[in-house]
Asks: 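Supplied in structure tokens, the structure appears directly below.
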2 protein chains.
Amino acid sequence: MSNLKAVAEHSKVSIATVSRVINNDPKVSKVTVLKVQASISALEYKPNRVAQRLRSSKGKTKLLGLIIPDIQNPFFVDVVRGVEDYAYQHNFAVMIGNFGQDEKKEKLYLDIFQSENIDGLIVAPIHGKDKGIENLVKKDIPVVCIDRGLTEIDVDVVKVDNENGAFNAIDHLLSMGHKRIAFISGNFKIPTYIERLSGYKRALDKYGIAYDESLVFARNSDYKSGFEIANKILELENRPTAIFSGNNLLTLGALEAIHAKDINIPEEISIIGFDDMPWSISLNPPLTAVRQPGFDMGKKAAEMLYERMVDPSKKKEKVILKTELMIRKSTARIE
Amino acid sequence: MSNLKAVAEHSKVSIATVSRVINNDPKVSKVTVLKVQASISALEYKPNRVAQRLRSSKGKTKLLGLIIPDIQNPFFVDVVRGVEDYAYQHNFAVMIGNFGQDEKKEKLYLDIFQSENIDGLIVAPIHGKDKGIENLVKKDIPVVCIDRGLTEIDVDVVKVDNENGAFNAIDHLLSMGHKRIAFISGNFKIPTYIERLSGYKRALDKYGIAYDESLVFARNSDYKSGFEIANKILELENRPTAIFSGNNLLTLGALEAIHAKDINIPEEISIIGFDDMPWSISLNPPLTAVRQPGFDMGKKAAEMLYERMVDPSKKKEKVILKTELMIRKSTARIE
DNA sequence: CTGAAAGCGCTTACAG
DNA sequence: CTGAAAGCGCTTACAG
């Protein structure tokens, strides 16, 4: 790789001048700019971002960290795409860390990203009291939380109204006559699930149905857990007539369990999933689901991060987007 | 952030010694090591990876680039997970670039990653004559191609036997009596599709059926294209009795088109997809698909990249993994 | 076993 | 408008 020095020699100016040309310093004379630019393209010079970043820790080199809980979850993939979309348009590179719901791994990525001098971070905290992220915020590193916030500290966040999303789903089920509705949840350390549970309870309340703890199952938020929990539910003696599953992967896992037992949806059991998927219509049957605008969330988060980088003293902002209940064919009315 | 100097002062040694401790230089005395380590933890010192990388471009800081065509495609997500799995175990950070089938974007990521001094790159080239990647290889930057190779230059690659994968799928269809099999493909610039087409042709040959070009449709490898092409196919006057779709997303899009028209699978049309998905069993009907071991491919690629970094003069290697036809319920025998 | 010094490729006051 | 020089946080010969 050619470097500043090579370009400087080629165009017979100092490296300082070359640097100025690269950074569009208006003080450089037209002639010099042209000369240097010619050398730059002749030598195919590309600035070394590592050196740039080391030198000026001021967002010059545009590196953005993105830490997500599970890249297998299509919702987070949408988030990634949204972030990337904004980043690409604004010439940021994105460094992605996928911690797979593993707290140690999340911490590792937090450390690495910091050591990489990222200009800012978008992260879905593993829980509401995430010390690692709190520290970053305290150090005034721009941080935007996505999907979940932080309880102990004021921070920018983009999330969805989980409470209402869950409420609407359960309300829909209750309105169709269901009374025993199982909830397949992820770990209740994760704020989203707490909120979804409270929406579940509020809907029950509305219909005067007592909350039955034995209908709520929390494990990891992955395919396997969805499969296993659904199996358990299907074997309950007084089997619930409907399932509300807490995320994409749990839904897909539950679906496999139901199909493996040849139980018909929605005739024998209804199911609503939190998180819609592009192919929900092609599932058996077309899945009724709570849609979250993942792409928009990612994009918005990137935008807010950028604004925070530009103005670090800006008031922290909470953006709460709406969910939408996509009614398809996985729920049926019962007596 | 505290730096080397702070640690040096705290433990009353030179920064050179602190650096040696960090890098496990055996020459440092036990006493000194202990003293320095105490300071390191007291100050919560974390080496600045940017500075490390700038100083020694020898894989010390362990940063790996991963460029994939489409993060929405679950197959590539598996690849990412495989790469990450290996990387995490070997203390590499992974920088991911998703180019969304956009050649300009791929080039941009190639440039950025180079400017970031990555130690090595795993990439699925957009086509076989990708100059940008060729250049990296020529500069002796460790590169492993995944899913697709390069035609003009010798390079490490991990891929799948696409020709046989497609052959088996078509053979299965032909053995069930199908004669008009449409192929929904991605762009034929992409080597995988060329190979899949040739498997398609070889199977036809085996059954003595003439290749009919009008049954082959190539566009982008995304959901929307799958949907649109399937719509076209379904409206053909002499409608094919089966569809072979070239990737995950195309399959899902095609499925939506078929369902939207209330056409029954497999009674009215059979379909086999290239790429299996965890939730194939929950599709309507359970999808017959060609399975690629994405996770293993990613893992293997990361491993090969590591070996290449350790021994740059190592002979280039081609690893070709097998596909597996997962027979479920989306195909039926016809007269 | 340890330290002083050079240098990785840049940016940015400072001086002219 | 331009250049010489310091410095970002490290590593690594070189010397002792």
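Here is how names work: the chains are called A, B, and so on, in the same order as the sequence lines, proteins then strands, and each is numbered from 1. Predicted model only: the values in this text are computed from it and were never measured.
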Asks: Check A/Lys131 with A/Glu134, please: is the shortest side-chain N to carboxylate O separation under 4.0 Å?
Replies: yes
Asks: Among D/dA4, C/dG3, D/dC10, which nucleotide sits nearest the side chain of B/Tyr45?
Replies: D/dC10
Asks: Under a 4.0 Å N-O cut-off, is there an ion pair linking B/Arg53 with A/Glu116?
Replies: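 Salt bridge present between B/Arg53 and A/Glu116.
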Asks: In terms of relative ring orientation, are A/Phe92 and A/Tyr306 parallel, tilted or perpendicular, with 30° and 60° separating the classes?
Replies: perpendicular
Asks: Whole angstrom is fine here: how far is it from CG in B/Asp25 over to P in D/dC10?
Replies: 17 Å
Asks: Which nucleotide sits closest to the side chain of B/Asn48: D/dG9, C/dG9, D/dA4?
Replies: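 So the side chain of B/Asn48 is nearest to D/dG9.
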Asks: Any carboxylate oxygen within less than 4.0 angstrom of a Lys/Arg side-chain nitrogen, looking at A/Asp156 and A/Arg308?
Replies: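 Looking at A/Asp156 and A/Arg308, the cut-off is met.
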Asks: Return the nearest nucleotide to the side chain of A/Leu54; candidates are D/dC10, D/dC8, C/dC10.
Replies: D/dC8
Asks: State whether the distance check finds a donor on one side and an acceptor on the other, under 3.5 Å, for side chain B/Arg20 versus base C/dG3.
Replies: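 Donor-acceptor pair under 3.5 Å: yes.
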Asks: Figure out the CD/C1' separation between A/Glu9 and C/dG9, and round it to whole Å.
Replies: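 Rounded to the whole Å, the gap is 14 Å.
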Asks: State whether A/Thr32 places a side-chain N or O below 4.0 Å from either non-bridging phosphate oxygen (OP1 or OP2) of D/dT2.
Replies: yes
Asks: Output yes when at least one side-chain N/O atom of A/Ser29 is less than 4.0 Å from OP1 or OP2 of D/dC1, else no.
Replies: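 It does not, given that no N or O in the side chain of A/Ser29 lies less than 4.0 Å from OP1 or OP2 of D/dC1.
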Asks: Look at A/Ser19 and C/dT12 and indicate whether a side-chain polar atom (N or O) is within less than 4.0 Å of OP1 or OP2.
Replies: no
Asks: What stems show up for DNA chain D when you take Watson-Crick pairs (N1-N3 plus N6-O4 or O6-N4) and G-U wobbles (N1-O2, O6-N3), both under 3.5 Å, and require three or more consecutive pairs?
Replies: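 Output for stems: C:1-3 with D:14-16, C:5-12 with D:5-12, C:14-16 with D:1-3.
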Asks: Within the pair A/Asn3 and C/dG9, is there a side-chain N or O less than 4.0 Å away from OP1 or OP2?
Replies: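 Yes, within the criterion.
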Asks: From CG of B/Asp119 over to C1' of C/dC8, roughly how many Å is that when rounded to an integer?
Replies: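 These atoms are roughly 15 Å apart.
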Asks: Look at the side chain of B/Lys27 and decide which nucleotide, out of D/dG3, C/dC10, C/dT2, has an atom nearest to it.
Replies: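 Nucleotide nearest to B/Lys27's side chain: C/dT2.
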Asks: Assign each of B/Ala51 and B/Val28 to its nearest nucleotide of DNA chain C by heavy atoms, then name whichever residue's nucleotide is nearer the 5' end.
Replies: B/Val28
